[in-house]
Amino acid sequence: MHTFKTFGLLLLLVSGMAAAQPAEQASPTSTAPMAKVSDLMTKALKDYPGKEGKMILVTYPPGSVDPVHRHHAHAFVYVLEGSIVMGLNGDKPVTLGPGQTFYEGPDDMHTVGRNASKTKPAKFLVLLLKDQNKPVLIPEH
């Protein structure tokens, strides 16, 4: 299983931090704990040429915060443990717990993504339906 250190690290390697973030979204810093992203499965969808399904597991340490980003994919989130805060397009964020779900569309900007707790970790599963060989995350400038 291929494991990426973080959403944030991937975004920093690609093009740096997002310049402007809503007040609800804390700005990640080098001291902030970063999310661990594990690539679980990628499968080409032969009935949909050029598309693939990708499943990832995201673990937010306590206090973890994602930079503003896009996926350019259909993203289906299922919370496994802990509590996470998600928000799109600057709208009011929602807090989700185990068994709850969240959807992000290909044109949405993920403006809030963080662990709701500063003391407990959170884990969630993400299924992405996306273009083959395109990055999972695109930083928003």
Side-chain angles (χ1 to χ4, degrees), residues 1-48 50-141:
M1 174 170 43
H2 180 61
T3 303
F4 297 102
K5 281 193 171 195
T6 68
F7 275 124
L9 180 58
L10 286 172
L11 295 173
L12 286 171
L13 291 172
V14 173
S15 69
M17 300 301 288
Q21 298 177 0
E24 183 70 29
Q25 174 70 27
S27 178
T29 66
S30 60
T31 61
M34 303 303 281
K36 175 183 169 189
V37 180
S38 300
D39 187 1
L40 301 177
M41 170 191 237
T42 302
K43 179 73 175 164
L45 302 173
K46 70 178 186 173
D47 292 343
Y48 302 95
K51 300 290 185 184
E52 67 185 7
K54 184 170 197 70
M55 189 180 301
I56 60 175
L57 176 65
V58 180
T59 303
Y60 277 162
S64 182
V65 177
D66 287 338
V68 175
H69 61 276
R70 294 179 187 270
H71 293 286
H72 293 297
H74 294 277
F76 299 86
V77 174
Y78 181 81
V79 181
L80 298 169
E81 60 186 65
S83 183
I84 63 173
V85 180
M86 295 283 166
L88 302 175
N89 308 314
D91 293 340
K92 184 178 178 179
V94 295
T95 302
L96 306 165
Q100 291 186 299
T101 60
F102 186 78
Y103 170 77
E104 181 176 348
D107 297 324
D108 289 327
M109 185 186 320
H110 199 149
T111 51
V112 178
R114 64 180 167 85
N115 188 336
S117 174
K118 294 194 185 306
T119 60
K120 297 178 184 173
K123 283 187 182 181
F124 55 99
L125 187 66
V126 183
L127 173 63
L128 297 152
L129 300 175
K130 60 185 259 328
D131 290 336
Q132 281 182 309
N133 305 313
K134 296 285 181 160
V136 170
L137 296 163
I138 314 296
E140 194 60 35
H141 300 286

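All heavy atoms count here, side chains included; hydrogens, waters and symmetry mates do not.
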[atom1] of [X] to [atom2] of [Y]: how many Å apart, nearest 0.5 Å?
{"X": "Ser83", "Y": "Leu96", "atom1": "OG", "atom2": "CG", "answer": "7.5 Å"}
{"X": "Lys43", "Y": "Gln132", "atom1": "NZ", "atom2": "CD", "answer": "10.5 Å"}
{"X": "Asn89", "Y": "Asp107", "atom1": "CG", "atom2": "CG", "answer": "9.0 Å"}
{"X": "Met41", "Y": "Ile56", "atom1": "CE", "atom2": "CD1", "answer": "14.0 Å"}

For [X] and [Y], which heavy atoms make the closest approach, and how far apart are they?
{"X": "Val58", "Y": "Ala35", "answer": "CG1-CB, 4.0 Å"}
{"X": "Ala116", "Y": "Val85", "answer": "CB-CG2, 3.7 Å"}
{"X": "Phe124", "Y": "Met86", "answer": "CZ-CE, 3.8 Å"}
{"X": "Ile84", "Y": "Ala122", "answer": "CG2-CB, 3.7 Å"}
{"X": "Pro62", "Y": "Pro121", "answer": "CG-N, 3.9 Å"}

Would you say [X]'s side chain and [Y]'s backbone share a donor-acceptor pair under 3.5 angstrom?
{"X": "Ser117", "Y": "Thr119", "result": "yes"}
{"X": "Arg70", "Y": "Pro106", "result": "no"}
{"X": "Asp108", "Y": "His110", "result": "no"}
{"X": "Ser64", "Y": "Pro33", "result": "yes"}

Please examine the side chains of [Y] and [X], heavy atoms only from C-beta on, and report whether any two atoms are closer than 4.5 Å.
{"X": "Lys54", "Y": "Leu127", "value": "no"}
{"X": "Val37", "Y": "Leu137", "value": "no"}
{"X": "Lys134", "Y": "His72", "value": "no"}
{"X": "Leu125", "Y": "Leu40", "value": "yes"}

Query raised in the report: Can Leu57 and Leu80 be said to form a side chain to side chain contact (heavy atoms under 4.5 Å, CB included), step by step?
Result: CA-CA 10 Å; Leu57 176 65; Leu80 298 169; 3.6 Å; yes

Query raised in the report: What residues form a salt bridge (Lys or Arg N to Asp or Glu O under 4.0 Å) with Lys130, not counting sequence neighbours?
Result: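 In terms of salt bridge (Lys or Arg N to Asp or Glu O under 4.0 Å), with neighbours along the sequence ignored, Lys130 is linked to Glu52.
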
**Report entry** CA sep, side-chain torsions, deciding dist, call: Leu45, Leu129, side chain to side chain contact (heavy atoms under 4.5 Å, CB included)
**Finding:** CA-CA 9 Å; Leu45 302 173; Leu129 300 175; 4.2 Å; yes

Query raised in the report: Is any side-chain N of the basic residue among Asp131 and Lys51 closer than 4.0 Å to the acidic one's carboxylate O?
Result: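 Yes, charged N to carboxylate O under 4.0 Å.
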
Query raised in the report: How are the rings of Phe76 and Tyr103 set relative to one another: parallel (under 30°), tilted (30 to 60°) or perpendicular (over 60°)?
Result: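 Answer is tilted, since the angle falls between 30° and 60°.
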
Report task. Answer yes if the side chains of Lys123 and Thr59 hold a donor-acceptor pair under 3.5 Å, and no otherwise. Result ->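 On atom types as modelled, these side chains do not qualify, holding no pair under 3.5 Å.
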
